[in-house]
Amino acid sequence: MQCLNNSIFYYFFSVLQFYFTKRAINDDFDLLFGLLDGSASLAKESLVYSYGRSFNGFAAKLSPPEVDTFSKMERVISVIPNHKLHLHTTHSWEFMDFSPGKIRPQEEGNIVIGFLDSGIWPESESFNDEGMSPPPAKWKGKCHNITCNNKIIGARYYNSEGLYPTTEFKSPRDAIGHGTHTSSTAAGREVDGASFLGLAKGTATGGVPNARIAVYKVCWDMLGCSNADILAAFDDAIADGVDILSMSLGSDDPQPFFDDALAIGAFHAMKHGVLSSASAGNSGPSPATASNLAPWMLTVAASSMDRKFISQVVLGNGEIYPQGIAVNSFKLNGTSFPLVWAGDVANYSGGNGLLNAKNCLPGSLNSNKIAGKIVLCNRNPIGTILVGETWKDIMAPYVASFSSRGPNRLNPEILKPDITAPGLDILAAWSPVASPSGSPFDTRKVKFNVISGTSMSCPHASAVAAYVKALHPNWSPAAIKSAIMTTANVMDPRKNDDHEFAYGAGHVNPLAATNPGLVYNASEADYIHFLCKQGYNTSTLKQITGESNASCDGIVPGRAWDLNYPTFGVAVEDGQSVNATFTRTVTNVASANSTYRVTVQMPSSVNVEVHPKELSFSTVGEKKTFTVKVSGPKMVEQPIQSGTIVWKDGVHVVRSPLIVYTITPNSMTTSPFRPTERIGFGANSNNWNMHF
């Protein structure tokens, strides 16, 4: 059988966990050898990756008949096509009242953040290692085809298809700037005098400038990011010894967890004590567009900070319009250009009409009619655009319009996104070979760039998670996530029409996250129970856990109300009454002797009862359980009802959102196979997008 042009599939096997990497590789080869008519050359040619450092499985090039035969083998747990994902696209720390470097460098230096992204530009000033000690003794990573230092301590690259565009490097080096930007946002060293061609001039720094960086290049210019490469990166990153994983990539349309490489990889990371922080996506403000929905991941929305870039437009009559938000470094020296209203230049041949054109949607405008003109959504004759200026945004923070929104299409009672962080106009390091605007005609070279996206908010949250981990090295991923969510700053719902569907628990507060008082902890067993309640069976469960002994025996599918999550969600089918009961357990991580009392805020139409109303702790690490009963009349076509459950001991404020909202009838299914039908939004797709 010829396998050269076949698709890539990856698999998990029920091999014993004591298998070492060498034995797992031989085992994979033997299985393929038997499948491919006993041909050693075809088996060697077919095998792309062998996952054996942190979990067991492999990626291989196989034809559809071979896949069908292979999937029926007793030891095969799952067979998944090699879908593609794409990247989701520093005053921000000052805006959050956080001064990087507050903890001792040696504590911060013990933390390693792994970035699954487009690589890194190691020569950037943001990655100098002056004064840094050698990597921590736990580190087992390697550097491939670039020179590392005491800052960048690991760098690997993955390309299962063996395709390298002419713009790319066959190494972890970053050709498009995205990975350089995200890694420096989270963990870049201080660089004085940084700016984007004079804009946003000041000191650029990451949130944890003394933390180590490990790079796993899985995304490529024009090619995106493949599942096979992502799983290989997870396998290495976990075994290398990363503490936090930052992933500014994902799908525009969420897949069931057993088909989602990020969810599977993050599950295995969670098992090894590693929290995965991921971008929510850039498909907002449409509802139910958030991606990276697994409850064991921290899902991050993007919001503004109190700095915005304004480019004033001067009309031909001299009148100045100062409200244009843009990052413009070009000096036009008074040159005027005709202004054209977008609605007058629709690309009708491309199937676009007035509605798309006036909103300037991609591809909606006639390229011949807009050449050499300034395009507006309102009429005016001619004008020029002045060089950008920096203004203070007194409305901040508010969620960016592009930031993907909830509700959660896979599990409507798990609020997603989890948190919001700065993601608008973020200045950070850039690859000098990458266009700062993304246009192939833009030949400018810059060391720093200003870009926006949930890709930019994600590394902010990753840095906060690393900061908490440095101070509390023994905390679980769920405890770190809980600390970030329950200490978040309250967002103003008047500025965000989608309320918690836009910002989750609120705006990340780095300092408060280190001292949450109480945490909602969760283990692998809790997440397995959650999956079983969601309709996964023993077979589909194994596709996520990769373990032969994983089982849903004795668990009846139902609502997700007993997962120990830091938020509370009630999805009510139209015409049904509100009736939900939650069970939660909190762990004391603050004072040995403390008493917390609960307060509840909720619209009068919904009744909320918490029992008990007081929790007393005598030791650190002690656990207490409480229940929350939510009730109310029948609801039809109601907007989100927002409330909170807050525990206070006089020092700590442990805040959790409680939301009630309506969904279409018959959309609450316990089957994980039809995610888009869970709450009646949209259609499924296997396309994945980078969150630029």
Side-chain angles (χ1 to χ4, degrees), residues 90 92-104 107-108 110-111 113 185-187 205-211 243-246 270 273-278 280 296-303 305 397 415 417-423 457-491 500 503-522 564-567 586-591 594 596 620 644 646-649 651-657:
T90 315
S92 52
W93 298 109
E94 181 183 357
F95 172 66
M96 292 186 285
D97 293 325
F98 179 69
S99 299
K102 281 197 169 186
I103 57 178
R104 292 184 300 172
E107 289 179 327
E108 202 169 282
N110 285 331
I111 301 301
I113 307 178
T185 297
T205 182
V208 279
N210 294 305
D243 297 287
I244 303 293
L245 278 168
S246 186
M270 173 272 300
V274 178
L275 175 63
S276 298
S277 171
W296 49 86
M297 302 169 75
L298 178 65
T299 309
V300 190
S303 47
M305 55 183 174
L415 176 61
D418 292 308
I419 202 81
T420 190
S457 59
C458 172
H460 282 89
S462 304
V464 175
Y467 186 68
V468 175
K469 180 75 172 180
L471 291 173
H472 304 285
N474 296 322
W475 282 12
S476 70
I480 295 172
K481 176 177 173 176
S482 172
I484 292 172
M485 293 172 65
T486 61
T487 60
N489 289 330
V490 179
M491 293 285 284
E500 286 81 4
Y503 47 71
H507 193 284
V508 64
N509 183 336
L511 286 177
T514 64
N515 185 23
L518 305 174
V519 294
Y520 294 81
N521 217 338
N564 206 37
Y565 212 69
T567 58
V586 288
T587 303
N588 179 29
V589 293
S591 304
S594 56
Y596 289 79
V620 176
T644 57
V646 182
W647 292 96
K648 299 179 182 179
D649 68 344
V651 177
H652 304 93
V653 177
V654 187
R655 178 182 172 274
S656 294

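Atom set for the values below is all heavy atoms of this structure, side chains included, hydrogens, waters and symmetry mates excluded. Since we're looking at a predicted model, the values are computed, not measured.
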#### Entry: Plane angle bin for Phe98 and Tyr467 - parallel if under 30°, tilted between 30 and 60°, otherwise perpendicular
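Perpendicular: the ring planes of Tyr467 and Phe98 meet at over 60°.
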#### Entry: Sequence neighbours excluded - salt bridge (Lys or Arg N to Asp or Glu O under 4.0 Å) pairs with any residue from residues 477-490
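Listed by first then second residue: Asp418-Lys481.
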For [X] and [Y], which heavy atoms make the closest approach, and how far apart are they?
{"X": "Ser246", "Y": "Pro459", "result": "OG-CA, 3.9 Å"}
{"X": "Ile113", "Y": "Ala186", "result": "CD1-CB, 4.4 Å"}
{"X": "Val464", "Y": "Ala513", "result": "CG1-CB, 4.2 Å"}
{"X": "Leu471", "Y": "Glu107", "result": "CD2-OE1, 4.2 Å"}
{"X": "Asn521", "Y": "Ser476", "result": "OD1-OG, 2.5 Å"}
{"X": "Trp93", "Y": "Ala463", "result": "CH2-CB, 3.5 Å"}

Interatomic spacing from [atom1] in [X] to [atom2] in [Y] - rounded to 0.5 Å:
{"X": "Tyr596", "Y": "Leu518", "atom1": "OH", "atom2": "CG", "answer": "4.0 Å"}
{"X": "Ser462", "Y": "Leu275", "atom1": "OG", "atom2": "CG", "answer": "8.0 Å"}
{"X": "Cys458", "Y": "Leu298", "atom1": "SG", "atom2": "CG", "answer": "8.0 Å"}
{"X": "Met297", "Y": "Met270", "atom1": "CE", "atom2": "CE", "answer": "11.5 Å"}
{"X": "Tyr565", "Y": "Ser656", "atom1": "OH", "atom2": "OG", "answer": "11.0 Å"}

#### Entry: Partner residues of Ser457 under the side chain to side chain donor-acceptor pair (under 3.5 Å) criterion, sequence neighbours left out
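For Ser457 there are no side chain to side chain donor-acceptor pair (under 3.5 Å) partners, ignoring immediate neighbours.
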### Query
What side-chain hydrogen bond (donor to acceptor under 3.5 Å, both in side chains) pairs are there with at least one residue in residues 503-515, not counting sequence neighbours?
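For residues 503-515: Asn489-Asn509, Asn515-His652.
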Heavy-atom check, side chain of [X] versus side chain of [Y], under 4.5 Å:
{"X": "Val274", "Y": "Ile244", "result": "no"}
{"X": "Ser594", "Y": "Asn588", "result": "yes"}
{"X": "Val589", "Y": "Trp475", "result": "yes"}
{"X": "Val586", "Y": "Val654", "result": "no"}

### Task
Kindly write out the residues that satisfy ring-ring contact (aromatic ring centres under 6.0 Å, His included) with Trp296, not counting sequence neighbours, or none if the list is empty.
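So Trp296 forms a ring-ring contact (aromatic ring centres under 6.0 Å, His included) with Phe257, Phe267, Tyr527.
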### Query
Between His460 and Val508, does a side chain to side chain contact (heavy atoms under 4.5 Å, CB included) hold up when you go through it step by step?
CA-CA 9 Å; His460 282 89; Val508 64; 5.5 Å; no
### Query
Who pairs with Pro566 by side chain to side chain contact (heavy atoms under 4.5 Å, CB included), at least two apart in sequence or on another chain?
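Pro566 satisfies side chain to side chain contact (heavy atoms under 4.5 Å, CB included) with Ser482, Met485, Thr486, Tyr520 once adjacent residues are dropped.
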### Those residues that, when tested against Val646, pass side chain to side chain contact (heavy atoms under 4.5 Å, CB included) (two or more places apart)
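Checked Val646 against side chain to side chain contact (heavy atoms under 4.5 Å, CB included); matches are Thr599, Thr644, Lys648, Val653, Arg655.
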### Task
Step by step, work out the side chain to side chain contact (heavy atoms under 4.5 Å, CB included) result for Ile480 and His472.
CA-CA 9 Å; Ile480 295 172; His472 304 285; over 6 Å; no
#### Entry: Intermediate values then yes/no, side chain to side chain contact (heavy atoms under 4.5 Å, CB included), Ile419 and Ile484
CA-CA 8 Å; Ile419 202 81; Ile484 292 172; 4.2 Å; yes
